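A quick write-up on the structure given underneath.
Keep in mind that what you see is a predicted model, and the values were worked out from it rather than measured. Lettering of chains follows the sequences in order, A, B, ..., and the numbering in each one begins at 1.
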Protein chains: 2
Amino acid sequence: MSKPRTRIQQRNSEAILDAALEVFSQHGFRGATLDQIAEVAGLSKPNLLYYYPSKEAIHVALLSGLLDTWLDPLREMDPAGEPVEELLAYVRRKLELSRDFPRESRLFANEILQGAPRIQEAIEGDLRTLVQEKAAVLTRWMDEGRIARVHPVHLIFSIWALTQHYADFDVQVHAVLGPAEPDPYPEAHLYLETVFRRLLAV
Amino acid sequence: MSKPRTRIQQRNSEAILDAALEVFSQHGFRGATLDQIAEVAGLSKPNLLYYYPSKEAIHVALLSGLLDTWLDPLREMDPAGEPVEELLAYVRRKLELSRDFPRESRLFANEILQGAPRIQEAIEGDLRTLVQEKAAVLTRWMDEGRIARVHPVHLIFSIWALTQHYADFDVQVHAVLGPAEPDPYPEAHLYLETVFRRLLAV
DNA sequence: CCTGCAATTGACCGTCCGGTCAAATATTCA
DNA sequence: TGAATATTTGACCGGACGGTCAATTGCAGG
């Protein structure tokens, strides 16, 4: 992307991306407006377009870094490590991502819900490749009898689904648990650890 | 809602709701346009507004019936039944809902992602009540030693997350599995059955 | 056939949207 | 300081949006 030179450029383009993340993640691409983003960022609309040439450019700038960040925890899963602990560490890292970056998770969810028009090639490329690669590792672990045999790709899907649920359906989670339980993550962590320990035990 | 009297009203208001489901589920409320819905429905825009007074009214009409349909499988979970089989039956019914009504699932996901502005009270009311009620049943089963002890509400969350993932993230699922595996549901069913059998085994 | 109501639509309205532009203001640096 | 450059903005544009309305067409029953 564009490299901000001055401090003002640095500060403003960051403020824009942060505001855009806020708005895009809540309303999706078409539902978000430049005026909204400008207001959240504390800038005028023409000033937004001084830093980014179009609404789409802002969206692309947000998405471009996102997929890598999102997949990093999976990349860190070490083929040479202890299988169950590696998988549980992945679950934990992914859950922390949901807790600490829920807007990013919702931005991604919105993009996928809308058919992934802007990151389809990345999904069919990098993401698919990485998943297939890690699925091969999982299969090897199963062949070696170190974890139970299940469909490796669906195993990865289930980690995504379970962890992202707490970010994407945050409103529902809090509504069901009630105001007495303001932070569901400690319980979620315990629960998910149980789920995958029992699933993978040989 | 309004009771359609004539066959024409029946046919058209159904066509409108079907078209609106298509468009809303893909673009969210703000991202959808009446012209788009009208085109999909094969009607003129003023004709849409002859059957429904506003864009919001269409959206509300769609959502009003949805939550009940969505929760029905959970309601059917029989407190007098065999615990593991009841839970697995719930998982299966929920997964079939994802397979057969993916647009409804995405509509719901969109609404929650956007903060559930139009169904928050229903979520904090009916949905919360039902979940708490069924969580009590699960807790009783755990007390009786008929299923393993885990957090009952998170158990329900995990069923939602795992089953809805296949509808909401459909694009990603197919991209990762590739064109060789056009229908992920048989494998998903097997996988989820394994997950919950192992999780709940005493 | 006619009457009366149901259904449909072209034309239109005010507003909002993404984006442009020229002018004004701040900042940098020789 | 002053010239050059970076930043900011009010005013505006064309098109799309949600919604209205008067007028037309379709249709059922007497």
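- Counting non-hydrogen atoms of neighbouring residues, nucleotides and ligands closer than 6.0 angstrom, the CD atom of A:E39 reaches no more than 12 such neighbours.
- No salt bridge links A:D183 with A:R99; every basic N to acidic carboxylate O contact stays at or beyond 4.0 Å.
- Comparing B:I8 and B:E56, the nucleotide of DNA chain D nearest to each residue sits closer to the 5' end for B:E56.
- Across the protein-nucleic acid pair, A:F29 atom CZ and C:dC17 atom P stand 14 Å apart, rounded to whole Å.
- In this structure, B:R197 pairs ionically with B:E193, as a charged nitrogen and a carboxylate oxygen lie closer than 4.0 Å.
- With DNA chain C read from its 5' end, the first of the two nearest nucleotides for A:D35 and A:P53 is the one closest to A:D35.
- The side chain of A:K45 lies closest to C:dG19 when the candidates are C:dG19, D:dG10, D:dT7.
- A side chain to side chain contact (heavy atoms under 4.5 Å, CB included) with A:K94 is found for exactly one of A:T163, A:L74, A:L162, namely A:T163.
- For the pair A:F24 CZ and C:dC17 P, the computed distance is 13 Å after rounding to whole Å.
- When the side-chain nitrogen and oxygen atoms of A:N12 are compared with OP1 and OP2 of D:dA6, none of them lie within a distance under 4.0 Å.
- Rounded to an integer number of Å, the gap from B:I37 CD1 to D:dG19 P is 10 Å.
- Ring geometry for B:F157 against A:Y166 counts as perpendicular: the plane angle is over 60°, on a 0 to 90° scale with 30° as the lower cut.
- Using a 4.0 Å cut-off, some side-chain N or O of A:N47 falls inside it from OP1 or OP2 of D:dT9.
- Between B:Q10 atom CD and C:dA7 atom P the separation is 12 Å, expressed in whole Å.
- Residue B:A32 is classed as a sugar-phosphate contact, given heavy-atom separations below 4.0 Å to backbone atoms only.
- Checked against the 6.0 Å centroid threshold, B:H59 and B:F29 count as a close aromatic pair.
- The residue among B:R30 and A:R11 whose nearest nucleotide of DNA chain D is located toward the 5' end is A:R11.
- When rounded to the nearest whole Å, the span between CG of A:L48 and C1' of D:dT7 equals 13 Å.
- Note on B:L34: only backbone sugar-phosphate atoms sit closer than 4.0 angstrom, heavy atoms only; bases stay farther off.
- Residue B:K55 places no side-chain atom within donor-acceptor reach of the base of D:dG19, judged by atom type and a 3.5 Å distance cut-off alone.
- As rounded to whole Å, 18 Å separates atom C1' of C:dG19 from atom OH of A:Y51.
- For the pair B:H59 NE2 and D:dG19 C1', the computed distance is 18 Å after rounding to whole Å.
- Taking 4.0 angstrom as the limit, A:Q9 places none of its side-chain polar atoms (N or O) nearer than this to OP1 or OP2 of D:dA6.
- Side-chain proximity of A:S44 to C:dG10, D:dT9, C:dG19: nearest is D:dT9.
- Atoms CD (A:E39) and C1' (C:dC16) sit 14 Å apart, rounded to a whole Å.
- Under 4.0 angstrom from either OP1 or OP2 of D:dT8 there lies no side-chain N or O belonging to A:Y50.
- Side-chain N/O atoms of A:Y52 include none lying less than 4.0 angstrom from OP1 or OP2 on C:dG19.
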